[in-house]
Amino acid sequence: HTEGFLQPSSSILELNAGTGIDACHFAERGHSVLATDISEKMLAEANLKIEERGLGKLVKTKQCSFTELNRLNADRKFDHIFSNFGGLNCVDDFAKVGRHFNQLLKPGGYATLVMISPFCIWETSLALKGNFKLAFRRFKRSGTPSHLEGVEFKTYYFWPSDLKKGLGGNFELKDLEGLAIFAPPPYLEGKFKNKSSLNRLFSLDDRVARWPMFRLAGDHFIATFQYLP
């Protein structure tokens, strides 16, 4: 999805870069990346990966919260801002992040955000089995308690319109597609013993990912906005 908007040798600012999987992916294709994350441990893992792959000239890391992007060099502008894995769902108001984008992007630049969707067919269908807590957890605008590797936090859910509002008036939605619509979310994949059936569901997702009826019904969605000041 993102590569469809990248020109050769683009400069990318990655938010919640984690262990550097995506930063290395982009660097191996000739792009320069500033990979940011609030976790010192995650960046240590990323730096090991960057060193092992010999990508130190193209990927730099910086410990920085995505709500404090004003700490970055104000004179540096990027072609693209990228965030994966729903990391931005950990902020209660997307404007705390999006308000910085117009200072960080070059005119005409893009922001691609992979977000956990407020509605997921798979989760909502769990109500049929009586699991109402999980089935309707995404409907809470006040956030849902979550945990990862022993760390407790809240997850908040945003529609693309919420993201656009948080970015301000100079951004236009250019592309939107769903992830894990008919295919199960990653945490449910293990329940599928028949891998060929699972692969058929993934293929179906690929076909309908941008259809209006389905693109906001998956576990995640990918939204790309263009900065047009």
Side-chain angles (χ1 to χ4, degrees), residues 1-7 10-17 22 26 34 36-38 64-72 74 76-121 123-124 137-144 146 153-181 205 208-229:
H1 178 109
T2 306
E3 287 168 356
F5 295 94
L6 292 173
Q7 298 298 318
S10 290
S11 58
I12 301 171
L13 170 63
E14 184 178 5
L15 312 182
N16 54 277
D22 292 313
F26 290 127
L34 176 59
T36 65
D37 201 289
I38 197 172
C64 181
S65 168
F66 46 58
T67 61
E68 298 178 340
L69 297 175
N70 53 298
R71 292 176 47 213
L72 302 180
R76 183 174 182 184
K77 304 288 185 181
F78 297 89
D79 297 303
H80 211 110
I81 295 175
F82 177 74
S83 177
N84 204 354
F85 301 125
L88 295 181
N89 288 90
C90 294
V91 65
D92 61 348
D93 180 0
F94 177 74
K96 294 178 180 178
V97 182
R99 66 187 179 189
H100 300 291
F101 284 20
N102 60 357
Q103 300 297 320
L104 294 165
L105 280 172
K106 298 175 184 177
Y110 296 91
T112 295
L113 312 175
V114 184
M115 307 292 293
I116 305 173
S117 176
F119 173 74
C120 173
I121 291 175
E123 279 197 7
T124 305
R137 65 175 178 171
R138 302 187 186 211
F139 298 169
K140 297 180 180 179
R141 297 295 289 183
S142 59
T144 301
S146 305
F153 57 94
K154 268 196 169 185
T155 299
Y156 300 86
Y157 303 97
F158 305 101
W159 297 106
S161 57
D162 298 320
L163 304 182
K164 190 175 188 304
K165 181 180 179 181
L167 289 168
N170 292 325
F171 285 81
E172 181 179 314
L173 181 63
K174 304 302 290 188
D175 197 9
L176 179 64
E177 64 175 300
L179 292 173
I181 303 165
D205 274 3
V208 305
R210 288 181 169 85
W211 290 14
M213 289 179 62
F214 299 108
R215 60 190 182 187
L216 291 177
D219 185 49
H220 285 66
F221 65 80
I222 313 175
T224 292
F225 298 87
Q226 186 175 24
Y227 176 46
L228 299 170

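What you see is a predicted model, and the numbers here were worked out from it, not measured in a lab.
- The two residues Val91 and Leu88 have their closest heavy-atom pair at CG1-O, 3.1 Å.
- Taking the centre of each ring, Phe101 and Phe225 stay at or above the 6.0 Å mark.
- With rounding to the nearest 0.5 Å, the separation of OG in Ser11 from CG in Leu104 is 10.5 Å.
- The closest side-chain heavy-atom distance from Phe171 to Leu105 is below 4.5 Å.
- Across all non-hydrogen atoms, the minimal contact from Ser117 to Gly218 is CB-O, 3.1 Å.
- Rounding to the nearest 0.5 Å gives a distance of 12.0 Å between OG1 of Thr224 and CD1 of Ile81.
- In Ile121, the CD1 atom is crowded: over 12 heavy atoms of neighbouring residues, nucleotides or ligands sit closer than 6.0 Å.
- Nearest heavy-atom pair across Leu176 and Arg210 is O-CG, 3.5 Å.
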| request: Check the pair Asp22 / Ile12 against side-chain contact (heavy atoms from CB on, under 4.5 Å), numbers first and verdict last. | output: CA-CA 11 Å; Asp22 292 313; Ile12 301 171; over 6 Å; no

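- Closest approach of Ala17 and Asp37 over heavy atoms only: N-OD2, 3.2 Å.
- For the atom pair CG of Leu113 and CZ of Phe82, the computed distance is 9.0 Å after rounding to the nearest 0.5 Å.
- Side chain of Asn89 to backbone of Ile116: a donor-acceptor contact under 3.5 angstrom is found.
- Atom SG of Cys90 is separated from atom CZ of Phe66 by 5.5 Å, given to the nearest 0.5 angstrom.
- Listed here is the closest heavy atom pair of Phe94 and Leu163: CE2-O, 3.4 Å.
- The side-chain heavy atoms of His1 and Val114, taken from C-beta on, include no pair separated by under 4.5 Å.
- Under 4.0 Å is where a charged nitrogen must lie from a carboxylate oxygen, and between Glu177 and Arg215 no such pair does.
- Every residue meeting the side chain to side chain donor-acceptor pair (under 3.5 Å) condition with Ser83, not counting sequence neighbours, appears here in chain and number order: Asn16.
- Minimum interatomic distance between His80 and Leu6 (heavy atoms only, all atoms of both residues): ND1-CD2, 3.6 Å.
- The CG atom of Asn70 lies 7.5 Å from the SG atom of Cys64; values are rounded to the nearest 0.5 Å.
- Scanning for side chain to side chain contact (heavy atoms under 4.5 Å, CB included) contacts around Phe139 gives Phe119, Thr124, Phe136, with sequence neighbours left out.
- The side chain to side chain contact (heavy atoms under 4.5 Å, CB included) search around Tyr156 returns Asp92, Lys154, Phe158, not counting sequence neighbours.
- Annotation: side chain to side chain contact (heavy atoms under 4.5 Å, CB included) contacts of Asn170 (sequence neighbours excluded): Tyr227.
- Glu123 pairs by the side chain to side chain donor-acceptor pair (under 3.5 Å) definition with Arg137, Arg138, Tyr187, not counting sequence neighbours.
- Residues passing the side chain to side chain contact (heavy atoms under 4.5 Å, CB included) test with Lys77 are Gln103, Lys106, sequence neighbours excluded.
- Using a 4.5 Å cut-off on side-chain heavy atoms (C-beta onward), Leu72 and Leu13 make contact.
- To the nearest 0.5 Å, atom OG1 of residue Thr36 and atom CD of residue Glu68 are 11.0 Å apart.
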